[in-house]
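This report refers to the structure that appears directly beneath it.
This chain uses plain numbering: 1 for the first residue, then up along the sequence.
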Amino acid sequence: MHPFFLSTFARAMNACLRMDPESKLRLSRLQGRVITIELLPFHYIFQCQFTEAGVTLHANEPFPAEAALRGTPLNLLGVMLAKDHRHRFFAEDLVITGNAELGQQVIELFDELQIDWEEQLSHLTGDVPAYHVGRFIRGISEWLRRTEKTVAQDVNEFVHEETD
């Protein structure tokens, strides 16, 4: 993988971390720690080194790591997005070795991000447009939650009726 990708990815992660004031405390607990990530099936290896200022990504394995994570890019993305169903991803497709506590702290660093996207958008568009965009997105999110719940109930009822 090209070094440009790693530096761009690191800048994006650090920008998100800076938008959450609480992430500084979580970063301080990880300071000096290193985790190795291997993207399968490409066998591309890079390391995340945590500092007080943020995350630094290094190609290959220049530092001794306390933990390693191996999986496909889609598995890693699934773990990040599906917090409630994370156990589905920790099967044969995603393997963590080494210090499990460090792995949990790294997951919490990103899970507990509380970014006020509406506030960030207001810097670009102003308060009123940002408020309306935020309201629209909250409405869609609520509709998706209700729809997911309704579909799950309907499927559950259908399965129970068909098995009787």
Side-chain angles (χ1 to χ4, degrees), residues 1-39 44-59 61-63 65-90 94-149:
M1 194 172 296
H2 198 273
F4 175 75
F5 170 77
L6 284 179
S7 64
T8 302
F9 187 51
R11 279 195 305 275
M13 282 193 310
N14 288 322
C16 287
L17 290 169
R18 281 191 300 275
M19 287 186 227
D20 175 22
E22 298 297 318
S23 66
K24 190 168 188 145
L25 175 64
R26 291 188 300 276
L27 270 172
S28 69
R29 286 183 259 158
L30 292 170
Q31 189 172 355
R33 313 291 286 277
V34 177
I35 186 169
T36 298
I37 298 175
E38 181 178 1
L39 297 179
Y44 180 76
I45 297 172
F46 65 96
Q47 288 187 316
C48 296
Q49 181 181 32
F50 299 93
T51 66
E52 191 174 325
V55 179
T56 306
L57 301 180
H58 303 278
E61 297 180 84
F63 305 106
E66 295 180 52
L69 178 62
R70 290 177 186 80
T72 67
L74 290 177
N75 292 131
L76 295 172
L77 182 62
V79 167
M80 289 174 17
L81 297 177
K83 297 174 189 174
D84 297 334
H85 305 290
R86 188 168 282 142
H87 62 278
R88 294 181 188 171
F89 295 96
F90 286 98
L94 194 61
V95 178
I96 296 178
T97 57
N99 185 338
E101 182 181 335
L102 174 60
Q104 183 61 37
Q105 287 176 334
V106 171
I107 289 169
E108 287 173 3
L109 174 66
F110 295 102
D111 274 357
E112 295 177 11
L113 275 177
Q114 296 292 320
I115 300 172
D116 185 352
W117 291 108
E118 194 173 310
E119 173 68 23
Q120 300 303 318
L121 182 60
S122 74
H123 296 300
L124 298 171
T125 64
D127 289 340
V128 174
Y131 167 76
H132 288 291
V133 169
R135 189 170 145 223
F136 176 74
I137 291 173
R138 284 189 297 277
I140 289 174
S141 296
E142 182 58 34
W143 178 81
L144 287 172
R145 269 187 245 120
R146 286 192 316 265
T147 302
E148 179 184 26
K149 186 177 180 181

Quick one: are the ring centres of His58 and Phe63 less than 6.0 Å apart?
->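 Ring centres of Phe63 and His58 closer than 6.0 Å.
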What are the two closest non-hydrogen atoms of [X] and [Y], and how far apart are they?
| X | Y | answer |
| --- | --- | --- |
| Ala59 | Pro62 | O-CD, 3.5 Å |
| Ala68 | Arg70 | CB-NH1, 3.8 Å |
| Cys48 | Val55 | CB-CG1, 4.2 Å |
| Leu30 | Leu102 | CD2-CD1, 3.5 Å |

State which residue, out of Thr51, Asn14, Leu17, fulfils the side-chain contact (heavy atoms from CB on, under 4.5 Å) condition with Leu27.
->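 By the side-chain contact (heavy atoms from CB on, under 4.5 Å) criterion, Leu27 pairs with just one of Thr51, Asn14, Leu17: Leu17.
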Tell me, with the steps shown, if Phe50 and Val34 meet side-chain contact (heavy atoms from CB on, under 4.5 Å).
-> CA-CA 6 Å; Phe50 299 93; Val34 177; over 6 Å; no
If you round to the nearest 0.5 Å, how far is [atom2] of [Y] from [atom1] of [X]?
| X | Y | atom1 | atom2 | answer |
| --- | --- | --- | --- | --- |
| Arg11 | Leu6 | CZ | CG | 11.0 Å |
| Arg33 | Glu66 | CZ | CD | 4.0 Å |
| Leu113 | Cys16 | CG | SG | 7.0 Å |
| Arg26 | Glu112 | CZ | CD | 5.0 Å |
| Phe110 | Ser23 | CZ | OG | 9.0 Å |
| Glu61 | Ile45 | CD | CD1 | 4.5 Å |

Which is it for Ser141 and Leu144 under the side-chain contact (heavy atoms from CB on, under 4.5 Å) test, yes or no, and what are the steps along the way?
-> CA-CA 5 Å; Ser141 296; Leu144 287 172; 5.7 Å; no
Side chains of Gln114 and Glu22: closer than 4.5 Å at any heavy-atom pair?
->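 No; the side chains remain at least 4.5 Å from each other.
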Answer yes if the side chains of Thr56 and Gln49 hold a donor-acceptor pair under 3.5 Å, and no otherwise.
->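 No - no donor-acceptor pair under 3.5 Å links their side chains.
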With a 4.0 Å cut-off, would you call Arg138 and Glu118 a salt bridge?
->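 Looking at Arg138 and Glu118, the cut-off is met.
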Take Ile37 and Tyr44 through the test side-chain contact (heavy atoms from CB on, under 4.5 Å) and record every step on the way to the result.
-> CA-CA 8 Å; Ile37 298 175; Tyr44 180 76; over 6 Å; no
Excluding sequence neighbours, so at least two apart, what forms side chain to side chain donor-acceptor pair (under 3.5 Å) with Asp127?
->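 Expected list: none.
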May I have the step-by-step check of salt bridge (charged side-chain N to carboxylate O under 4.0 Å, His left out) for Glu142 and Arg145, ending in yes or no?
-> CA-CA 5 Å; Glu142 182 58 34; Arg145 269 187 245 120; 2.8 Å; yes
